[in-house]
Novice: 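So that we are looking at the same thing, I have put the structure below in structure tokens.
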2 protein chains.
Amino acid sequence: MTPTGERVRQAALELFAERGFHGTGIRQLAERAGVSSASLYHYMGTKEDLLVALMTSSLERLVGDAEAAVAGSDDPVGQLGALVRMHVTAHAARPLETRVGDHEVEALSPPAREVVVALRDRYEQVWQRVLADGQAAGVLDLEHPALARRALLEMCSGVARWFDQAGPLSLADLADHYVALACRLLGVSRATRRGGAVISA
Amino acid sequence: MTPTGERVRQAALELFAERGFHGTGIRQLAERAGVSSASLYHYMGTKEDLLVALMTSSLERLVGDAEAAVAGSDDPVGQLGALVRMHVTAHAARPLETRVGDHEVEALSPPAREVVVALRDRYEQVWQRVLADGQAAGVLDLEHPALARRALLEMCSGVARWFDQAGPLSLADLADHYVALACRLLGVSRATRRGGAVISA
DNA sequence: GCGTGTCGATCGATCGATCGATAGCATAGG
DNA sequence: CCTATGCTATCGATCGATCGATCGACACGC
């Protein structure tokens with residue numbers, strides 16, 4: 001990717017996250033990227049194409065990281081800890097990507113939305129499988145697995161809306177706290193929690 | 001409020017929630033409300049005034065309900081249960097209000113945003129105080145109260161994004177599950193949980 | 001006749017997108 | 001070595017459409 005092309009992507013990410021897709025004009029986008037509005041179209045298709053590219057690349061990275069996190073352990077509690085750590089770190093370190101991904105799905109036209117929703121579903125299936133494995137193994141205590149999964153994911157995604165990377169709390173500490181909260185939420189037994197060094201590593 | 005005025009409010013609520021403030025045009029709004037775009041201005045000021053009215057009335061109701069929920073008990077755990085129940089029920093039963101309130105704050109001009117943010121802060125202070133009381137009384141176990149409060153609120157607000165009132169899960173059951181999840185998350189001791197009939201009432 | 005409601009017509013501004021033109025820079029042909 | 005050719009990158013000007021908002025006119029009930 002050319003430097004200017006990268007600046008366009010970055011400008012779009014910032015503006016879409018901050019003002020929303022419909023709230024961002026082509027001219028604002030061009031000004032932020034340091035080019036004319038006409039030059040913009042040398043680096044993108046339509047404005048929507050740009051949004052789709054941002055969302056899919058962000059989601060593909062998330063899906064890849066989730067699958068890698070799960071592959072790093074065969075213990076459900078360890079997998080869960082790795083997933084929470086990865087998810088929270090991603091949302092706290094790259095809040096722009098995740099805010100756009102969460103808020104602007106409705107701005108997409110139906111065909112583009114299908115692709116994005118399919119990616120998001122694939123991501124959530126990773127979590128679903130880990131939770132199901134954990135309950136089958138008896139190391140999680142879930143009254144209502146689907147509800148618990150949604151509650152957990154919403155809780156973890158929330159950091160993108162408030163975490164300040166320049167604040168007193170480090171990314172690692174933040175992730176540690178959330179792993180502990182997730183364990184409580186899902187009823188990880190105390191014995192398992194102690195044994196699972198993977199969780200806090 | 002006149003019937004037409006109410007239809008305008010309802011149309012705005014639906015469209016702002018579904019397409020966003022900037023994604024909703026005056027003409028769409030008029031069509032949904034069943035009037036001409038000119039007549040719209042008989043019932044509102046600017047488009048932004050309408051958004052502000054929707055957000056403040058929704059938030060004022062939430063603040064009032066929160067203060068009422070807290071007033072109904074002097075036990076921190078009971079207060080917490082009532083808060084969670086109220087919050088989850090509100091978000092599940094009126095997802096349009098809460099989605100607009102959560103997503104469109106950035107669409108407001110600075111003076112209007114101030115009012116809305118002040119209301120939201122007042123709401124969160126109710127939660128903050130209950131959590132602090134609970135920890136002071138030794139019935140909650142919070143490693144990082146501010147972080148726990150945010151995690152809890154994000155978890156509970158999430159229901160507005162996925163709960164289907166026509167689905168198999170009733171509002172009351174949903175709220176029950178979330179009260180239980182909140183108790184786990186905040187480390188409500190088992191003895192307190194059993195004793196607190198208020199929590200599940 | 002006067003306040004309340006309603007609307008078609010239209011305002012200036014801005015929207016996303018395209019146009020043709022231009023400048024820079026490579027490489028190939030003589 | 002020179003210049004012809006073609007490709008990448010850039011922009012001012014401008015397109016038709018739509019934006020939020022306003023106007024004057026008309027209808028109805030008190």
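Numbered from 1 within each chain, the chains take letters A, B, ... in sequence-line order.
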Novice: Nearest to the side chain of A:Ala38 - C:dA17, D:dG12, C:dT6?
Specialist: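 So the side chain of A:Ala38 is nearest to D:dG12.
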Novice: Tell me yes or no: between the side chains of B:Gln128 and B:Glu124, is some donor less than 3.5 Å from an acceptor?
Specialist: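 Looking only at side-chain atoms, B:Glu124 and B:Gln128 do not form any donor-acceptor pair under 3.5 Å.
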Novice: At how many degrees, to 10°, do the end axes of the helix from C:dG1-D:dC30 to C:dG30-D:dC1 meet when each uses five pairs?
Specialist: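 One end's axis against the other's: 20°.
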Novice: Taking atom types as modelled, is there a side-chain donor on A:Ser58 or A:Arg94 under 3.5 Å from an acceptor on the other?
Specialist: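 There is no such pair (donor and acceptor under 3.5 Å, judged by atom type) between the side chains of A:Ser58 and A:Arg94.
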Novice: Return the value, rounded to whole Å, for the distance between atom CD1 of A:Ile26 and atom C1' of C:dA13.
Specialist: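 That distance rounds to 17 Å.
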Novice: D:dC19 C1' sits how many Å from B:Lys47 NZ, rounded?
Specialist: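 Rounding to the nearest Å, NZ of B:Lys47 and C1' of D:dC19 are 8 Å apart.
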Novice: More 5' along DNA chain C: B:Thr4 or A:His22, using each one's nearest nucleotide?
Specialist: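 In this pair, the answer is B:Thr4.
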Novice: How many whole angstroms separate atom CD of A:Gln28 from atom P of C:dG16?
Specialist: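 About 8 Å, once rounded to whole Å.
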Novice: Which part of the nucleic acid, if any, lies within reach of B:Thr2 when heavy atoms closer than 4.0 Å are counted: base, sugar-phosphate only, or nothing?
Specialist: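 B:Thr2: no heavy atom of the nucleic acid under 4.0 Å.
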Novice: Out of C:dA17, C:dC7, C:dG5, which nucleotide sits closest to the side chain of B:Val35?
Specialist: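 It is C:dC7.
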Novice: Taking atom types as modelled, find out whether A:Gln10 and A:Glu6 have a side-chain donor-acceptor pair closer than 3.5 angstrom.
Specialist: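 Side-chain D/A pair, A:Gln10 to A:Glu6: absent.
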Novice: Nearest whole angstrom, please: distance from the P of D:dG20 to the CG of B:Leu29.
Specialist: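 In whole Å, D:dG20 P and B:Leu29 CG are 9 Å from each other.
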Novice: In terms of side-chain geometry, is the basic nitrogen of A:Arg32 or A:Glu18 positioned less than 4.0 Å from the acidic oxygen of its partner?
Specialist: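 Yes, this pair counts.
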Novice: Quiz question: by atom type and distance under 3.5 Å, do the side chains of B:His91 and B:Tyr178 form a donor-acceptor pair?
Specialist: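 The criterion, which ignores hydrogens and geometry beyond distance, is not satisfied for B:Tyr178 and B:His91.
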Novice: Is the NZ or CZ atom of B:Arg149 both under 6.0 Å from the centre of the six-membered ring of B:Trp127 and within 45° of that ring's axis?
Specialist: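 Negative - B:Arg149 is either too far from the ring of B:Trp127 or too far off its axis.
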Novice: Just to confirm, is there a sub-4.0 Å distance from OP1 or OP2 of C:dG5 to any side-chain nitrogen or oxygen of B:His42?
Specialist: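 Checking B:His42 against C:dG5: at least one side-chain N or O falls below 4.0 Å of OP1 or OP2.
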Novice: Would you please indicate if the ring centroids of A:Tyr123 and A:His87 are separated by under 6.0 Å?
Specialist: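 Between A:His87 and A:Tyr123, which both carry aromatic rings, the centre distance is below 6.0 Å.
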Novice: I need the OH-P distance between A:Tyr41 and D:dG12, as an integer number of Å.
Specialist: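 Going from A:Tyr41 (OH) to D:dG12 (P), I get 16 Å.
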Novice: Answer yes or no: does a side-chain N or O of B:Ser36 lie under 4.0 Å from OP1 or OP2 of C:dC7?
Specialist: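 Yes.
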Novice: Rounded to whole angstrom units, what separation is found between the CZ atom of B:Arg27 and the P atom of C:dA9?
Specialist: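 Result: 13 Å.
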Novice: Rounding to an integer number of Å, can you tell me how far B:Glu31 CD sits from C:dT6 P?
Specialist: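 Atom-to-atom, B:Glu31 to C:dT6, this comes out as 17 Å.
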Novice: Please state how far atom OH in B:Tyr43 lies from atom P in C:dT6, giving the value in whole angstrom units.
Specialist: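 Rounded to whole Å, this separation is 3 Å.
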Novice: C:dT6, OP1 or OP2 - any side-chain N/O from B:Ser37 closer than 4.0 Å?
Specialist: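 Answer no for this pair, as no side-chain N or O of B:Ser37 is under 4.0 Å from OP1 or OP2.
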